[in-house]
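Okay, structure first, notes after.
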Amino acid sequence: MADRTERHGRATIHADGEWREAVSGATREILDPADARPFAVVAEGDAQDADRAVTAARHAFDHGPWPHTPAAERAALLRRVAALLARDREELGLLESRDAGKTVEEGRVDIDCVADAFRYFADLVAAEAPGRVVDAGSAEIHSVVVHEPVGVCALITPWNYPLLQASWKIAPALAAGNTFVVKPSEITPMTTIALIGLLTEAGLPPGVANLVTGPGHSVGARLAEHPDVDLVSFTGGLTSGVKVAQAAAPTVKKVALELGGKNPNVVFADVCATDEGFDTAVDQALNAAFIHSGQVCSAGARLIVEESVRDRFVTELADRARRIRLGRGTEDGVECGPLVSAAQREKVEAYVASALAEGAVLRCGGRRPGPAPERPASGYFYEPTVLDACHRDMKVVREEVFGPVLTVETFRTEEEAVRLANDTQYGLAGAVWSADTARARRVASRLRHGTVWINDFHPYLPQAEWGGFGRSGTGRELGPAGLAEYRETKHVYQNLAPRPVRWFAG
Ligand code: NAD
């Protein structure tokens with residue numbers, strides 16, 4: 001696998017089955033966030049490269065075999081891809097770690113989840129009925145509703161889970177019979193490049209899977225507006241998502257947006273009544289906020305804890321957060337990697353500074369850590385940070401920080417807990433912790449978020465839809481709805497005994 005990514009070098013743009021350099025010849029260095037050193041060079045595509053890739057995808061859709069390939073064969077190809085991902089798990093996990101800064105173990109888990117997505121969509125299409133027969137009320141009418149691929153899909157992905165987010169789009173797009181152009185984040189393209197190699201190895205015909213490396217403002221924007229693209233599926237921040245929707249509007253293409261989150265983690269005092277309950281809730285609050293240094297769309301970045309247990313809870317949480325081992329994701333024993341870039345760390349620092357200026361109380365972190373053998377001084381590290389005494393009017397509570405920063409708010413009543421948890425423009429995910437099952441379910445049913453966990457945080461299932469309420473997006477990934485995004489619905493009405501209707505006299 002290392003050979004495959006090396007071999008492409010600067011030729012990382014894939015169109016019509018061929019690897020090419022950027023038309024302009026421009027390149028970009030890919031940095032390892034753990035030491036800020038380049039470890040790869042890729043092509044820096046622009047709108048011209050996007051156009052070539054769309055032309056290839058359009059031709060493969062309009063004239064190629066893939067859209068008409070039987071579902072069982074499409075499913076078999078997806079299963080071969082899953083097997084190749086399992087074969088290359090170690091190398092891909094390592095590559096994801098170097099690209100995005102996560103620990104290698106997190107990288108391996110990501111690759112397992114990517115393979116799961118390919119298997120899930122393979123199973124889904126393989127088991128489907130080819131259409132739904134509708135009772136038209138007459139034996140002379142045969143009426144059937146069928147689903148067809150939408151066409152050429154532009155798939156634009158972020159840097160935090162590079163291959164996972166790409167797979168939640170690529171697997172259903174292929175399962176449904178589409179062709180696509182994927183544009184990974186310009187700073188983390190390596191595993192998506194590798195996946196294109198695996199799709200080819202699995203036997204996908206040329207032109208079905210195309211990839212353009214390069215920035216959002218040129219490649220991404222061109223894909224979103226392109227008249228030959230039928231659907232754009234975007235995962236990223238709110239600001240870019242709005243631009244994508246605007247660029248897509250004049251051509252009335254289908255648009256799916258998976259955007260940010262500001263996710264509440266609501267802890268009722270009753271869960272802390274036993275030592276085990278307390279320990280579990282604290283442990284999971286740490287995971288919710290700090291896994292992948294908080295660079296997770298569904299991060300539990302807002303702890304909303306019942307006033308009576310706040311001191312005990314936050315003291316234990318901050319103690320444990322201080323002990324998180326920060327370092328290069330490939331080092332043994334490291335629990336948390338760096339932030340993805342210098343810009344991301346500066347953004348996080350600005351949020352923490354604004355929170356302190358607005359009256360938040362720093363319980364731990366709030367700075368860059370000192371150097372250590374497992375942590376080069378040049379890496380983009382930032383200490384896990386807990387900010388107490390926060391409230392709804394603070395910028396750090398209202399906006400997505402996307403870093404290792406947890407804010408603490410308190411409540412006294414169930415009503416207040418629900419109000420705080422829903423007090424966000426976003427609505428991606430949230431959790432409620434309570435030993436009282438009836439209360440937990442009652443609160444869960446009132447949360448305006450696309451995923452709600454009860455006494456847990458972060459797990460997702462490929463069989464269950466993922467997506468947001470409010471400004472966390474439109475549409476869903478995963479589950480049957482995640483496949484439906486990539487389809488058009490067609491009603492075929494057949495008159496078995498046609499005769500004149502005589503509406504017009506002549
Ligand atoms: P981003 O919006 O900066 O970039 C995402 C992708 O969009 C990149 O490939 C980028 O090059 C491209 N892009 C940027 N501007 C564009 C434009 N005008 N037109 C077309 N494409 C454009 O986001 P990011 O910083 O890479 O990722 C972090 C964000 O992603 C966070 O807000 C996070 O919450 C969100 N995210 C959401 C989910 C989810 O499932 N809802 C999952 C992962 C990440």
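Ligands are counted one by one from 1 in listed order, and the atoms in each one are counted from 1 as well. Heads up: numbering here begins at 1 and tracks the sequence. The figures here come from the full heavy-atom set of this structure, side chains too, leaving out hydrogens, waters and symmetry mates.
- Close approach of ligand 1 to P184 is summarised as follows: ligand atoms under 4.0 Å from at least one heavy atom of the residue are 9 (O).
- Protein heavy atom at the shortest distance from atom 28 (C) of ligand 1 is F402 CE2, 3.6 Å.
- Ligand 1 is never approached by A224 to a heavy-atom distance shorter than 4.0 Å.
- Proximity to W466 (heavy-atom distance under 4.0 Å) selects the following atoms of ligand 1: 39 (C), 40 (O).
- The closest approach between any non-hydrogen atom of S185 and ligand 1 is below 4.0 Å.
- Taking every heavy atom of G237 and a limit of under 4.0 angstrom, the matching atoms of ligand 1 come to 1 (P), 2 (O), 23 (O), 29 (C), 30 (O), 32 (O).
- Inspection of the S341 and Q344 side chains reveals no N or O donor paired with an N or O acceptor under 3.5 Å.
- Between K183 and ligand 1, at least one N/O pair is under 3.5 Å apart.
- Summary of contacts: the protein heavy atom closest to atom 7 (O) of ligand 1 is F234 CE1, 3.0 Å.
- At a heavy-atom cutoff of 4.0 Å, ligand 1 is contacted by no atom of A247, backbone or side chain.
- Evaluated by nearest non-hydrogen atom to atom 3 (O) of ligand 1, the leading choice among P162, A245, G236, S240 is S240.
- Neither the backbone nor the side chain of Y161 comes within 4.0 Å of ligand 1, counting heavy atoms alone.
- Considering backbone and side-chain atoms together, K243 places no N or O closer than 3.5 Å to any N or O of ligand 1.
- Under 4.0 angstrom from ligand 1, there are no non-hydrogen atoms of E477.
- When ring centroids are compared, F402 and W159 come within the 6.0 Å threshold.
- Those atoms of ligand 1 that come under 4.0 Å of a heavy atom in E186, given as number and element, are 10 (C), 11 (O).
- In the vicinity of C297, heavy-atom distances shorter than 4.0 Å reach the ligand 1 atoms 33 (C), 34 (O), 36 (N), 37 (C), 38 (C), 39 (C), 40 (O), 42 (C), 43 (C), 44 (C).
- Judged by the 6.0 Å and 45° rule, R98 forms a cation-pi pair with F39.
- Each of the following atoms of ligand 1 lies closer than 4.0 Å to a heavy atom of G220: 19 (N), 20 (C), 21 (N).
- Inspection of the K183 and T192 side chains reveals no N or O donor paired with an N or O acceptor under 3.5 Å.
- What sits closest to atom 34 (O) of ligand 1 on the protein, heavy atoms only, is E400 OE2, 2.5 Å.
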For this session: May I have the step-by-step check of side-chain contact (heavy atoms from CB on, under 4.5 Å) for V408 and R302, ending in yes or no?
Result: CA-CA 6 Å; V408 181; R302 286 177 72 198; over 6 Å; no

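- Considering backbone and side-chain N/O atoms, W168 never comes within less than 3.5 Å of an N/O atom of ligand 1.
- A donor atom on one side chain and an acceptor atom on the other are not found under 3.5 Å apart for T27 and E44.
- Atoms of ligand 1 found under 4.0 Å from any heavy atom of N160, numbered from 1 in the order shown, are 43 (C), 44 (C).
- Of the heavy atoms in L259, only backbone atoms (N, CA, C, O) come closer than 4.0 Å to ligand 1.
- In this model, no donor atom of one side chain and acceptor atom of the other lie less than 3.5 Å apart for S354 and K395.
- Note on residues 232-257: no pairs pass salt bridge (charged side-chain N to carboxylate O under 4.0 Å, His left out), not counting sequence neighbours.
- For atom 22 (C) of ligand 1, the nearest non-hydrogen atom of the protein is G216 CA, 3.4 Å.
- Shortest contact from atom 6 (C) of ligand 1 to any protein heavy atom: T157 O, 3.4 Å.
- Using a 30° and 60° split on the angle between ring planes, Y460 and W466 fall in the perpendicular class, above 60°.
- Between the side chain of S218 and the backbone N or O of G214, no donor-acceptor pair lies under 3.5 Å.
- At the top of the distance list for atom 5 (C) of ligand 1, counting protein heavy atoms only, stands T235 O, 3.6 Å.
- The aromatic ring centres of Y426 and H449 sit 6.0 Å or more apart.
- Residue contacts with ligand 1 for V244 involve side-chain atoms from C-beta outward but no N, CA, C or O (heavy atoms, distance under 4.0 Å).
- Polar contact check, P158 against ligand 1: no nitrogen or oxygen pair lies under 3.5 Å apart.
- Checked by atom type, the side-chain pair T330/S97 shows no donor-acceptor distance below 3.5 Å.
- With respect to atom 24 (P) of ligand 1, the closest heavy atom belonging to the protein is W159 NE1, 3.3 Å.
- The two residues S167 and V114 have their closest heavy-atom pair at CB-CG1, 3.6 Å.
- Classified by interplanar angle (parallel below 30°, tilted 30° to 60°, perpendicular above 60°), the ring pair W453/H458 is perpendicular.
- Under 4.0 angstrom from ligand 1, the non-hydrogen atoms of Q165 all belong to its side chain.
- For ligand 1 and E258, the ligand atoms under 4.0 Å from any heavy atom of the residue are 37 (C), 39 (C), 40 (O), 41 (N).
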Problem set entry | Q425 and L238: CA distance, side-chain angles, deciding distance, side-chain contact (heavy atoms from CB on, under 4.5 Å) verdict | CA-CA 10 Å; Q425 65 175 332; L238 175 57; 3.7 Å; yes

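- Nearest heavy-atom pair, L174 versus R74, reported as atom, atom and distance to 0.1 Å: O-CD, 3.5 Å.
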